[in-house]
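The structure displayed is predicted, hence computed values, not measured ones.
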Amino acid sequence: MSVCSIKLDRVKAKGGKLFVGGSLECDALGKNIPRLKAVFSCEDRTRRIPIPVLEQGEGYILFSHVYLLDKLFFNYKNESPVTLSFELWLGDDNVEVESVTLDTALPKGISESNNALIVSEKIAKRKTYINIFELDLRSAVKRVVYTPMVWALGVYFGIYKKLHPVKKNRVTFMSGRRTELGGNMEFVWNELKDENDLELKTMFFAQTSMMKMVKVLRKFLYLYATSRVVVVDDFFRLLNTFKRQKDTKIIQLWHACGAFKTFGYTRLGKPGGPHQYDKNHRMYDYAIVSSQEIARHYAEGFGISDNAVIATGIPRTDIFFDSEYEKKIKAGLYEKYPVIKDKKVLLFAPTFRGNGQVTAYYDIEKLNINELKETLGDEWIIIVKLHPFCRERFIVAEEHEDTIIDLSDVDELNDLLFVTDLLVTDYSSCVFEASLLNIPMVFYVFDLEEYVRDRDFYYEFESFAPGKIVKTQSELFECIKKNDFEQYKITDFRNKFFDNTDGKSSERVAKKIVDIVRGGI
């Protein structure tokens, strides 16, 4: 049994900040990447925040970090003491921290109890002064122009809310990235549309002109002020720009299944990661996930309390348990692409590299798509589905133009899974949906070490992947020739990341919304 203990040599609370530093000794560290977490609790709220590791040696790590106490819990005046405890994860395993000792005198306002620190000193709001001349031009303009404008709109919204009270039965679906219902939202909407006592509204817009944005903003302010429940399925910046009504609840129907690549506040201190004082995502009252196993990861990533994450299942996955939908999609795809009807289909669906839409790419030179087709033979068709952010496309030889089909810009990836016999991917979250259909998978990860270093995962990749892992093109071709896909891994994977495989996730989310509206939750 592993023995892990923490020795703190620096603890101090001052000006709304908590300084914590020390070392962890654990005989199980080995070559595992340690993930040390600070877990803050106050009354019924929790907040899990990563602790950066400064140094790792044989059997020990050194750490030090500063936490902003007034930013732990979103819009919450915590008058009660805040308790700090520690979690250690090695690979996929939660290792118990047996003891926390102090190698320093505790300052006033901090005490210790049961392997935890208790901060009872009243948490003051920190005063922040920013010298705009030390910022880059874009940040300086934002501070000088954007911030006062948002403040003025906030004052206006405060008055607006008094004139437009919440309608107790209004449920509004909002998105700044779509123009119509789709994904999880559409499934939940369809469950709610026959509830006669609910008033359903939508507020969708994508990129738009400044003049249209004024109209969009007016509609947003009205619906945000008057809705009992606001439903989103992705990041929506306007939600944290304006302070909502006290009776308004926000539900995040996050678009992804499972927990794979780290995101949000799990990436604190890493390139492209957020800051402790950021508001993004933290205003959600509830976030839906596919299983209780991953709830803590979403709580950490969104910066919300553990009890705000509910494992209802992901609404859009209901299609994988709908035989009529499957027949319809298959018939439509066979009619559209008749060449695939009597063939086996290999779906190549990797994710992108880069930091986002602007820099996204996939290194197509790492796979000779024509040679892959020749390796497969005549019984196979290849469907290519690159991430929509990627612009470059494979060059298909003339003799393979009818049997290598690039659908990167058309058709829904989830629908293509219904006709897929083998999925070749890398770090794409489509593996969760594929597991529901028990599709054999191969993980072609030529840059695994680099990807782990730059992006990282919630689970060790080798134990996570529900299929064969290969790192070279020759290994990929060889495992396909031998039908060596390690398909036995799928069952345990599916059971870990899906609590419910009954096709009723939409129904459970809809019930939660109805309970809020009718029960006054």
Side-chain angles (χ1 to χ4, degrees), residues 74-75 157 161 166-167 169-193 198-208 213 216-257 259 263-265 274 278-290 294-295 297-305 308-318 357 429 505-506 508-517 521:
F74 185 76
N75 284 349
F157 187 54
K161 287 186 293 186
V166 170
K167 292 192 173 185
N169 67 335
R170 176 170 287 175
V171 178
T172 300
F173 292 75
M174 292 186 177
S175 175
R177 297 192 179 188
R178 64 168 71 244
T179 56
E180 59 185 14
L181 271 174
N184 286 329
M185 284 187 173
E186 184 174 10
F187 284 89
V188 177
W189 174 283
N190 288 336
E191 287 289 333
L192 294 173
K193 64 183 181 182
L198 297 186
E199 180 186 324
L200 303 183
K201 296 287 186 179
T202 61
M203 214 290 294
F204 300 141
F205 70 96
Q207 294 180 349
T208 186
M213 191 62 196
V216 165
L217 189 58
R218 287 180 60 188
K219 183 177 181 180
F220 166 77
L221 292 177
Y222 172 67
L223 290 174
Y224 198 33
T226 59
S227 296
R228 176 70 173 107
V229 177
V230 171
V231 181
V232 294
D233 66 351
D234 209 326
F235 173 56
F236 191 37
R237 187 177 299 278
L238 288 175
L239 295 182
N240 60 34
T241 303
F242 302 97
K243 190 173 181 179
R244 60 178 160 173
Q245 300 270 38
K246 186 167 37 175
D247 291 338
T248 298
K249 299 294 183 183
I250 301 175
I251 296 179
Q252 173 60 261
L253 302 181
W254 194 245
H255 51 278
C257 293
F263 73 98
Y265 293 93
D278 287 346
K279 296 180 180 179
N280 299 348
H281 298 300
R282 297 183 59 198
M283 76 294 299
Y284 308 143
D285 294 286
Y286 301 101
I288 68 159
V289 294
S290 58
I294 65 170
H297 301 314
Y298 275 77
E300 181 182 304
F302 286 143
I304 60 180
S305 184
V309 183
I310 51 177
T312 60
I314 307 301
R316 62 180 177 78
T317 63
D318 289 349
Q357 185 170 359
S429 61
S505 296
S506 304
R508 281 184 287 273
V509 175
K511 183 179 184 303
K512 183 67 178 179
I513 293 173
V514 170
D515 288 345
I516 293 172
V517 172
I521 297 176

Between the CZ atom in Phe74 and the OH atom in Tyr284, the distance rounded to the nearest 0.5 Å is 10.5 Å
On a heavy-atom basis, the closest approach of Arg282 and Gly303 is NE-O, 3.6 Å
When every non-hydrogen atom of Ser506 is compared with those of Asp318, the smallest separation belongs to OG-OD2, 2.6 Å
Taking every heavy atom of Ser227 against every heavy atom of Thr172, the minimum-distance pair comes out as OG-OG1, 2.6 Å
CD1 (Ile516) and CG (Asp247) are apart, to the nearest 0.5 Å, by 12.0 Å
NZ of Lys167 to CD of Glu199, rounded to nearest 0.5 Å, is 5.0 Å
With a 4.5 Å cut-off on side-chain heavy atoms, are Asn184 and Phe173 touching? no
Test: Asp233 and Arg316 ion pair at under 4.0 Å
no
Separation between CG (Leu239) and CG (Asn280), nearest 0.5 Å, reads 10.5 Å
In short, Val509 meets Gly313 closest at the heavy-atom pair CG2-O, 4.3 Å
Give the table of side-chain donor-acceptor pairs shorter than 3.5 Å for residues 186-193, with sequence neighbours excluded, one pair per line with atom names and distance.
from   : atom 1 : to     : atom 2 : distance (Å)
Asn190 : ND2    : Glu186 : O      : 3.2

- prompt: Which word best sums up how the rings of Phe302 and Trp254 line up, parallel for under 30°, tilted for 30 to 60°, or perpendicular for over 60°?
  reply: perpendicular
Given Thr317 and Ser290, is the side-chain contact (heavy atoms from CB on, under 4.5 Å) satisfied, shown in steps?
CA-CA 10 Å; Thr317 63; Ser290 58; over 6 Å; no
Applying side-chain contact (heavy atoms from CB on, under 4.5 Å) to Met185 and Phe204, what does each step give before you reach the verdict?
CA-CA 11 Å; Met185 284 187 173; Phe204 300 141; 3.7 Å; yes
| field | Sub-4.5 Å side-chain heavy-atom contact between Ile288 and Ser505 | value | no
Phe263 vs His281 side-chain heavy atoms within contact, under 4.5 Å: no
OG1 of Thr248 to CE of Met283, rounded to nearest 0.5 Å, is 13.0 Å
*Flag the pair Tyr224 / Met174 as yes when at least one side-chain heavy-atom distance between them is below 4.5 Å, and no otherwise.*
yes
Quiz item: Hey, what's the ring geometry for Phe220 with Phe242, parallel, tilted or perpendicular (30° and 60° as the breaks)?
Solution: tilted
Handout entry: pair Tyr222-Lys201: side-chain heavy atoms closer than 4.5 Å
Key = no
Next item on the list: Output yes when a side-chain donor or acceptor of Gln245 lies under 3.5 Å from a complementary backbone atom of Lys161, and no otherwise.
Entry: yes
side-chain contact (heavy atoms from CB on, under 4.5 Å) between Phe157 and Lys243: does it pass, once the steps are laid out? CA-CA 8 Å; Phe157 187 54; Lys243 190 173 181 179; 5.7 Å; no
Next item on the list: Show your working on side-chain contact (heavy atoms from CB on, under 4.5 Å) between Tyr265 and Ile304 and close with a plain yes or no.
Entry: CA-CA 10 Å; Tyr265 293 93; Ile304 60 180; over 6 Å; no
State, with a plain yes or no, whether a side-chain heavy atom of Leu217 is found less than 4.5 Å away from one of Phe205. no
Taken to the nearest 0.5 Å, the spacing of Arg508 CZ from Ile310 CD1 works out to 10.5 Å
Asp285 and Ala308 have their tightest heavy-atom pair at O-CB, 3.3 Å
When every non-hydrogen atom of Gly264 is compared with those of Pro274, the smallest separation belongs to O-CD, 3.2 Å
